[in-house]
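Remember, it's a predicted structure, so these values are computed and weren't measured experimentally. Side chains are part of it too, since the values below use all heavy atoms of this structure and drop only hydrogens, waters and symmetry mates. Chain naming here is simple, since letters A, B, ... match the order of the sequence lines and numbering starts at 1 in each.
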Number of protein chains: 2
Amino acid sequence: MTSTALITPADGLLRAGVHDELRRRFVTGKVMPGTLLSTRSLAQELGVSQMPVREAVSRLAAEGAVEIRSKRRIVVPAMTEGRFRDLLRCRELLEPEAAAAAVKHIDAARLKRLRVVDDALGVALKSGDVEAYMERNFEFHFLIYRAQPRPTMTQLIETLWLQFGPYMRVVYGRFGTSGLVDQHQLAIKAISDGSATRLKRAILADIRDGMGLIGKSGFAPGA
Amino acid sequence: MTSTALITPADGLLRAGVHDELRRRFVTGKVMPGTLLSTRSLAQELGVSQMPVREAVSRLAAEGAVEIRSKRRIVVPAMTEGRFRDLLRCRELLEPEAAAAAVKHIDAARLKRLRVVDDALGVALKSGDVEAYMERNFEFHFLIYRAQPRPTMTQLIETLWLQFGPYMRVVYGRFGTSGLVDQHQLAIKAISDGSATRLKRAILADIRDGMGLIGKSGFAPGA
DNA sequence: CTTGCTCATCTGAGATCGCAGATTCTTGAC
DNA sequence: GTCAAGAATCTGCGATCTCAGATGAGCAAG
């Protein structure tokens, strides 16, 4: 937001920090389909030069989060029904599996964090704070997925969320979050019981539930 | 190989051409784990400046195909047993599904191309030409996966092959291709019959078959 | 008022430059 | 002969510069 924002030079790689920041904006719905991005203004906004932004945006393009149309145009693509189904199918395949694989690696500390996040998520749901809801929801899911020691599947899933985020924001913005049900209680229960099978079911239900109201919202035709 | 090699400026994007070329080298086993890459020498070899190479390599790093260790070191990571299982599980999840979804979109022309590729693959198998085998195998699988109109799942799968390629080359180099069986006939049969179920089984069998001999080869411990 | 064309401007892509850090080779001491 | 310290070199990363091309505003013709 502020022009003097520091990009996290956490590991010394500026471009990684830029990509993290942009990814955060995408999965939490801070950008919406149709948004135009510019490396120059992004660079200025983040307080870095064009170069790290370029590499980060280039990676986002590779991940399908943005589209580079001709020259002069970096745009967050609109969701189509086909792409939506494609992404959804991938989520349904990967996320339950990742969650199941993670169960045995979730210790008490992480489980406690899950409860905390889920509480905050419930608050955001009631107050109708879309961005907070999306942020917590992301946090919740990836607290689970990232518990498994192998990062490959988690990275694939992140790619999917990166593409869903902007569209989800539109949907939530249109319908509000009041219609959403917090499906995470079942997941937490399954984790605390150590039941991979029930966690799979819970995650799958959560995905389908969150996606359920989307079908009716229609899809952006153009742009 | 030649110093005057032209990178395909197919769509005008140099970096895309570089990434395509590097990806080709990875999935066909032209690079092996432990290989050191250098943006400068790559740039010179491909006849472009460092810049497109940097972006392509950066993307490869994001895809897990290379690791950037500290500075001065871009290395093709060694395969570990954990990563292997992680990748394999992803392949088993995604590829049969992608193939099943592709069945109805494979027309006669593509089926014919599949047969041609499979013939060439058989020749490479008999002659023990590892690189040709890997090239044809890649071509065969992605002729199927790319037939489905939705590219997301295919892109995820490409990421996986990108990481497997270098290691597979080591394995084939150690064991030769003589132990391999051409499992693709079943797949072709299933496709020509329009049976998604049997194609799924065939692809899954193909994955597990190709991976079967790998467990015994052990994994590189270091670097 | 509408429509089509031209030009100024903005943007992304590639090339080049400079810096910091790591690797490696050399050299000198023991 | 061995080993370690230092210097030279190589490398990736970030900044800056330039160019081609696309966009959109402005203007003129109908």
*To the nearest angstrom, how far is B:Gln50 atom CD from C:dA13 atom P?*
18 Å
*For B:Phe26, all residues meeting ring-ring contact (aromatic ring centres under 6.0 Å, His included), sequence neighbours excluded*: none
*Which pair of non-hydrogen atoms, one from A:Thr154 and one from A:Arg146, has the smallest distance, and what is that distance?*
CG2-CG, 3.6 Å
*Rounded to the Å, how far apart are A:Arg69 CZ and C:dA13 C1'?*
19 Å
*asked:* Expressed as a whole number of angstroms, how long is the span from A:Leu42:CG to C:dT11:C1'?
replied: 13 Å
*Expressed in angstrom and rounded to an integer, what is the separation of A:Met51 atom CE from D:dC13 atom P?*
11 Å
*Quick one: which of D:dC13, C:dA15, C:dG21 gets closest to the side chain of B:Arg72?*
C:dG21
*Within this structure, what is the CD1-to-P distance between B:Ile74 and D:dC10, rounded to whole angstrom?*
17 Å
*asked:* A:Phe140: which residues meet the ring-ring contact (aromatic ring centres under 6.0 Å, His included) condition with it, sequence neighbours left out?
replied: A:His184
_Contact under 4.0 Å: B:Thr39 side-chain N or O vs D:dG12 OP1/OP2_ = yes
*B:Arg73 or A:Arg73: which one's nearest nucleotide on DNA chain C is closer to the 5' end?*
A:Arg73
*Of all the choices, C:dA13, C:dG12, C:dT16, which nucleotide is nearest to the side chain of A:Ser38 once you look at every atom?*
C:dG12
*Just jot down the side-chain contact (heavy atoms from CB on, under 4.5 Å) partners of A:Leu87, sequence neighbours excluded, or say none.*
A:Met79, A:Arg83, A:Leu160, A:Gln163, A:Phe164, B:Thr152
*Determine whether any donor atom in the side chain of B:Arg40 lies under 3.5 Å from an acceptor atom in the base of D:dG12, or the reverse, and answer yes or no.*
yes
*Residue list, side chain to side chain donor-acceptor pair (under 3.5 Å) with A:Arg23, at least two apart or on another chain*: A:Asp20, A:Glu158
*Which pair of heavy atoms, one from A:Pro151 and one from B:Asp86, lies closest together, and at what distance?*
N-OD2, 3.6 Å
*Checking all strands, does A:Leu37 fall into the base, sugar-phosphate, or nothing category for heavy-atom contacts under 4.0 angstrom?*
sugar-phosphate
*Set of residues satisfying side-chain contact (heavy atoms from CB on, under 4.5 Å) with respect to A:Val103, sequence neighbours excluded*: A:Ala196, A:Leu199
*Proximity to DNA chain D (any heavy atom under 4.0 Å), residues of residues 53-68 of chain B only*: B:Arg54, B:Ile68
*What is the distance from CG of A:Leu14 to P of C:dG21, rounded to the nearest Å?*
14 Å
_Nearest-Å distance for atom pair CG/P, residues B:Leu36 and D:dC10_ = 16 Å
